[in-house]
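Each remark here refers to the structure printed beneath this line.
Naming: A, B, ... by sequence-line order, numbering from 1 per chain.
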Amino acid sequence: MDDQTRMLAGMGGLGGLSQADVGDPDSVRKQQSLGQPQQDIGDILQQIMAITDESLDEAQASIRGVQEEDPPDPQIMRLDNMLLAEGVSGPEKGGGSAAAAAAAAAAGGSPNDSSIEHSDYRAKLAQIRQIYHSELEKYEQACSEFTNHVMNLLREQSRTRPISPKEIERMVAIIHRKFSSIQMQLKQSTCEAVMILRSRFLDARRKRRNFNKQATEVLNEYFYSHLSNPYPSEEAKEELAKKCGITVSQVSNWFGNKRIRYKKNIGKFQEEANLYAVKTAVDAANVSAQASQANSPATPNSGKVHSSPPIISSR
DNA sequence: TATAATGATTTATC
DNA sequence: GATAAATCATTATA
């Protein structure tokens, strides 16, 4: 069982978003056609009815619980904040495009392919958002409908026995508490679904793409022309990153990998080294030829292949 | 489809 | 914090 599956194993019914839902465009329709919420509401009614049978002490304890929640539950606050930050709750902001951009940036994707992933992420987040809001609306509606129903019942009962406003208040509080716990489950499931979605986009190893030919050439050119000290400065890394359309950390990764792999098997890279040495020499010759047309003639680079071993520090 | 190549991550070291 | 080295996970290729 992988991490994602494990995470989902704990996600229960009530509007829970499954792993399949995250990647399935039909999930919204499926959710709506399953009729699950109606069944849930039936369960809720039964639970609430059971609560009405509680002893006075238990009911009072319930109320105390409600009152204690007056300063909002830290867990709910945490969930609310996360949903807000991810763009699931709160005002529509392009389906969490900021979060998608952050995810893409953290993944170190190139500007070209990240836009594809970006829209993919946004579409899936929008799906989660839609499910979340439709479920939330259903629960809120069910809550107010049920509250009205109970109020009507109490009104009817008031004809046969005296019912204090406090008792009505108590009943309403119990109902609201029950519904808010369901909302919390919904929020929790949504948070988990968003986390799974994000982890998919953040897992760069999953989405690894080879750099394009031009980028690899630029990096190799630098590497082989600095073979005696293949450690680009921060400025050089930034320059290379810009040229290659990759991030500075990707440049660092590339040089890290290249140094170690070159050092491990210099023989294997000899041909490549020669190729880039010639290439660099030809480029230099072209540059100097152009310069000589304008100025006095300059001595071109010999094009000689590096014969001295590279100095790659070891620990 | 096995294997090589490659980009990213992790761990240890300085 | 940068880097070496080992390793992982994906992609490219024979």
> Between SG of A:Cys191 and CE of A:Met184, what distance do you get to the nearest 0.5 Å?
Replying inline: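 Between A:Cys191 SG and A:Met184 CE, I get 11.0 Å after rounding to 0.5 Å.
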
Shorter than 3.5 Å, N or O on both sides, protein versus nucleotides 1-5 of chain B: list them out with atom names.
none

>> Donor-acceptor pair, distance only, cut-off 3.5 Å: does the side chain of A:Thr190 make one with the backbone of A:Tyr132?
In response: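 No; zero donor-acceptor contacts below 3.5 Å.
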
> Looking at the side chain of A:Arg209, which of C:dT11, B:dT9, B:dG7 is the nearest nucleotide?
Replying inline: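 Nearest listed nucleotide: C:dT11.
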
Let me know the distance between [atom1] of [X] and [atom2] of [N], rounded to the nearest Å.
| X | N | atom1 | atom2 | value |
| --- | --- | --- | --- | --- |
| A:Lys258 | C:dA2 | NZ | C1' | 20 Å |
| A:Phe211 | B:dA8 | CZ | C1' | 9 Å |
| A:Asn212 | B:dG7 | CG | P | 10 Å |
| A:Ile260 | B:dT9 | CD1 | P | 18 Å |

Counting just side-chain N and O atoms, does [X] come under 4.0 Å of either OP1 or OP2 of [N]?
| X | N | result |
| --- | --- | --- |
| A:Gln250 | B:dG7 | no |
| A:Tyr262 | B:dT6 | no |
| A:Lys264 | C:dA6 | yes |
| A:Arg259 | C:dA4 | yes |

> Hey, does A:Asn257 reach any base, or is it just sugar-phosphate, or nothing, if we go heavy atoms under 4.0 Å?
Replying inline: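 Base, at least one base heavy atom under 4.0 Å.
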
> Looking across every strand, which nucleic acid part, if any, lies under 4.0 Å from A:Phe255 by heavy atom: base, sugar-phosphate, or nothing?
Replying inline: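 Touches nothing.
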
>> With nearest nucleotide decided by heavy atoms, which residue, A:Glu234 or A:Arg261, maps closer to the 5′ end of DNA chain C?
In response: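 Its nearest nucleotide being more 5', the pick is A:Glu234.
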
>> Both A:Asn210 and A:Lys237 contact DNA chain C. Taking the nearest nucleotide for each, which residue is further toward the 5' end?
In response: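 Result of the comparison: A:Lys237.
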
Beyond-backbone contact of [X] with [Y], side-chain heavy atoms, under 4.5 angstrom:
| X | Y | result |
| --- | --- | --- |
| A:Phe179 | A:Glu140 | no |
| A:Leu219 | A:Phe255 | yes |
| A:Val251 | A:Trp254 | no |
| A:Pro232 | A:Tyr222 | yes |

> Of all residues at least two apart in sequence or in a different chain, which pass the ring pair (Phe, Tyr, Trp, His ring centres under 6.0 Å) check with A:Phe269?
Replying inline: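 Expected list: A:Tyr262.
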
